[in-house]
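Below is one structure, written out as structure tokens, with a few remarks after it.
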Amino acid sequence: MGDQNTSMVQKYRNDFLKEVEANVEEGAWVKMCMQCGVCAGSCPLGPAWEHPPQEIFMMIRAGRREEVLKSESMWMCTSCYNCIVRCPRELPITHIMHGLANYAHRLGLAPKMNPTRRFAKIFWDNIAKSGRVNELELSVRLYFMDGFKAGVLKGLAMKDIGIGMMKTGRLNPFGLFAHKGCKDIKGIHKMLKKAYEIEDRKKGFVA
Amino acid sequence: MARKEYSFYPGCSSERRASASNYMVSVESMCKKLDIKLNEIPDWNCCGASIGYAQGGELPRHVMNARNLAISEQVNKGQDVVATCAACWLGAKETKDRLAHDSGLLAEANEALREAGMNLTYKGEQEVRHMVEVLIEDLGYDELKKPVVRPLEGMKIAGYVGCQTNRPFGIAGESFENPKYLDHLVEIVGAEPVTGYDQKVTCCGGALAFSEPEKSQAQIKKIVESAYDYGAEMIVTPCPVCQMNVEIYQGQINKRYGTKFNMPVTYYSQLMTVAYGGSAKEAGLNGQIVRASRLEEIAAKNR
């Protein structure tokens, strides 16, 4: 992962905007931001962002690469799409934030302990495994990501909700063993492998 | 033959013993009453949801959706794809949109798709629609009112639209800031909508309810509190994530803030099933953690 970062730094030198335009989903839109701040004011988690979207956009143009990619900010996005529909310049801000977070994660620069980064990884691994969400496994992995003791404590804190979900038939108590998933899961695995290959090639990631 | 027929993408949370299994039960009952036939896309997979972005990136995420749509094109020819889940709808529609405007990405998606079984190619032939869109546009409010035999008289209900059935695509003719369709549906089933409900499109935190529970629960608190302020006795929503987040964390919010929330949160399809004469079981009301007692009482009445 560190190598990926070094090779990108060498490739783009001081032009972080160019790097974002080439490698980040919808990154070509970044330069269209006119710094009005409607996105920041529209974000449900706005106060939790160290750098709101319009600031991130300006930081990209100013070449503050490390600060942007190591930021917790993008990981506060709840995918509510408020910023997208309100942006007067119609920037796909939600997607750019997702794209930046994904890029930082791929380069190994994203904050290691950020809970949303960790949950997002657990979620994708969960669906990629069987093709469909296994909700019990997802919750168990999330609770136990900080080790056994922390997991037991979190599990206890969530006990009432879990029991409520099971009692109302909305959580499978045997989900760790009885989850079916997709029939063509082998095909899905091959398909995803190919998709990663293509994306890595396109974005210049070393395999 | 059924009046309307669709290629159906139920999504992970709709599965048996999953978090929105009650939604699924009520959708099936509602569609039966309305003579709508749903043909499930065989072997459909997860849409990747929004939170899939971090590990899934761009192409892998679109390929997951393209697979569902390609299977649908092959098996359920000539039908529109209908999703009941907001995230499934958004994910699939976003992929359709992106692939329609980016021929390079389309070619790459198809290259990856060839690796999966069933000899799939995604062409982009079918529309991707949400269930409420189909109800409103293909049947219309008048048709939806006809089967009502048991109006939910005297109930005051807050229509919580949330985010992803509303933004960025939304329902045609509705505004992002104050969509009215859910209020119309509440009216149709004979209940009174809370017209001034000011948290109608507030985000519940989505997937961050898991990873940032405090921030998310602050959002949920506003959503439930506002419903109480306007005199609502129930919240109704079209989204499985909204439903779950707003319902199941009320206990934790009560502990954290000293509130006494006990607000039932149901789906539009549950209201419609009961109003159409269905039983509590047919409406999936046994799946509520905060029991919808008034609705259960109405469902127990003779029609």
Side-chain angles (χ1 to χ4, degrees), chain A residues 25 44-45 48 75-76 78-82 84-86 92 94 98-99 101-102 105-106 110 114-121 123-125 127-128 131-133 135 139 142 157 160-161 164-165 167-172 175 182-184 186-188 190-196 198-199 202, chain B residues 12-13 15-22 43-46 48-60 62-64 67 108-109 111-118 163-164 166-168 170 176 201-203 205-208 210-212 215-216 219 244 248-249 251-252 286-289:
Chain A
E25 184 167 355
L45 261 54
W75 299 97
M76 296 297 155
T78 62
S79 310
C80 80
Y81 291 80
N82 226 346
I84 285 199
V85 302
R86 286 185 183 167
T94 312
H98 291 177
N102 168 259
H105 173 66
R106 289 292 312 269
N114 179 280
T116 302
R117 187 195 71 82
R118 297 170 84 197
F119 176 66
K121 181 171 174 2
F123 180 84
W124 182 267
D125 291 346
I127 64 162
R132 294 183 187 177
V133 178
E135 292 179 344
S139 327
L142 175 72
D160 294 345
I161 290 178
M165 293 294 274
K167 273 191 184 159
T168 51
R170 289 165 61 186
L171 186 64
N172 186 351
C182 293
K183 285 190 203 106
D184 185 28
K186 277 189 182 160
I188 292 175
K190 281 201 273 179
M191 172 185 90
L192 285 175
K193 190 167 168 259
K194 190 71 176 176
Y196 276 115
I198 299 170
E199 185 147 295
K202 194 166 71 171
Chain B
C12 301
S13 65
E15 288 200 281
R16 220 180 130 257
R17 285 194 177 179
S19 55
S21 51
N22 51 340
D43 207 37
W44 55 266
N45 55 257
C46 175
S50 302
I51 197 70
Y53 68 81
Q55 182 78 2
E58 202 172 350
L59 188 61
H62 289 308
V63 161
M64 289 291 269
R67 179 177 175 272
E108 288 164 2
E111 190 186 337
L113 212 47
R114 277 195 289 279
E115 299 287 320
M118 293 181 80
C163 301
Q164 296 196 344
N166 182 39
R167 298 181 299 261
F176 296 127
V201 295
T202 297
C203 177
L208 271 67
F210 291 101
S211 56
E212 299 275 5
K215 297 182 181 80
S216 198
Q219 294 293 111
M244 182 171 75
I248 73 174
Y249 295 112
Q252 292 197 351
N286 51 356
Q288 306 310 111
I289 287 183

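Fair warning: this is a prediction, and the values are worked out from it, not measured in the lab.
Among the candidates A/Ala48, A/Ser79, A/Pro92, the residue making the largest number of heavy-atom pairs closer than 4.5 Å to chain B is A/Ser79. No other option in A/Arg118, A/Glu199, A/Lys190 has as many heavy-atom pairs under 4.5 Å with chain B as A/Glu199. Between chain A and the options B/Ser216, B/Gly205, B/Gly206, heavy-atom pairs under 4.5 Å are most frequent for B/Gly205. The choice from B/Gln55, B/Arg16, B/Glu212 that makes the most heavy-atom pairs within less than 4.5 Å of chain A is B/Gln55. Contact count versus chain B (heavy atoms, under 4.5 Å) is highest, among A/Lys193, A/Met76, A/His98, for A/His98.
For a residue to count as touching a neighbouring chain, one of its non-hydrogen atoms must lie under 4.5 Å from one of that chain's; by this rule B/Phe210 touches chain A with backbone and side chain alike. Heavy atoms closer than 4.5 Å to chain B are found in both the backbone and the side chain of A/Glu25. Only the side chain of B/Gln219 comes within contact range of chain A, with heavy atoms under 4.5 Å apart. Contacts of A/Ala128 with chain B are absent, with no heavy-atom separation under 4.5 Å from either backbone or side chain. When heavy atoms are compared at a cutoff of 4.5 Å, A/Phe119 approaches chain B solely by way of its side chain, counted from C-beta outward. At a 4.5 Å heavy-atom cutoff, the contact between B/Gln164 and chain A is made by side-chain atoms alone. Both the backbone and the side chain of B/Asp43 come within less than 4.5 Å of a heavy atom in chain A. Interface residue B/Ser13: backbone and side-chain heavy atoms are both found under 4.5 Å from chain A. Of the two parts of A/Lys186, neither the backbone nor the side chain holds a non-hydrogen atom closer than 4.5 Å to a non-hydrogen atom of chain B. Interface remark: A/Asn82 contributes backbone and side-chain atoms alike to the contact with chain B (heavy atom separation under 4.5 Å). Contact annotation for A/Arg86: only side-chain heavy atoms (C-beta onward) come within less than 4.5 Å of a heavy atom of chain B. When heavy atoms are compared at a cutoff of 4.5 Å, A/Asp184 approaches chain B by way of both its backbone and its side chain.
In this structure, A/Thr116 and B/Ser211 approach most closely via the heavy-atom pair OG1-OG, 2.8 Å. When all heavy atoms of B/Pro168 and A/Val85 are compared, the closest pair comes out as CA-CG1, 3.8 Å. B/Tyr53 and A/Ala101 get closest at one heavy-atom pair: CE1-CB, 3.6 Å. Shown here for B/Ala54 and A/Ala120, the closest heavy-atom pair between the two residues is CB-CB, 3.5 Å.
Salt bridge present: A/Arg132 and B/Glu15 bring a charged side-chain N and a carboxylate O closer than 4.0 Å.
A/Ile188 is listed as a side-chain neighbour of B/Asn45, based on a closest heavy-atom distance under 4.5 Å. Contact of the B/Arg114 side chain with the A/Lys194 side chain is not registered, since no non-hydrogen atoms from C-beta on lie closer than 4.5 Å. Within the 4.5 Å cutoff, the side chain of B/Asn22 has heavy atoms near those of the A/Arg170 side chain. Using a 4.5 Å cut-off on side-chain heavy atoms (C-beta onward), A/Met191 and B/Met64 make contact. Looking only at side-chain heavy atoms (C-beta outward), B/Gln288 and A/Thr168 stay at 4.5 Å or farther from each other.
To the nearest 0.5 Å, the span separating CH2 on A/Trp75 from CG on B/Leu208 amounts to 10.5 Å. Rounding to the nearest 0.5 angstrom, the gap separating the CE atom in A/Met165 from the OG atom in B/Ser19 is 5.0 Å. Of the inter-residue distances, the one linking A/Asp160 atom CG with B/Gln252 atom CD reads 8.5 Å to the nearest 0.5 angstrom. Taken to the nearest 0.5 Å, the CD atom of B/Glu111 stands 3.5 Å off from the CD1 atom of A/Ile198. To the nearest 0.5 Å, atoms CH2 (A/Trp124) and SG (B/Cys46) are separated by 7.5 Å. Once rounded to the nearest 0.5 Å, the distance linking CG of B/Asn286 with NZ of A/Lys167 reads 14.0 Å.
By the salt bridge (Lys or Arg N to Asp or Glu O under 4.0 Å) test, A/Arg117 is found to be paired with no residue, residues two or more places apart in sequence or in another chain being considered.
Around atom NZ of A/Lys202, more than 12 heavy atoms belonging to other residues, nucleotides or ligands sit under 6.0 Å away.
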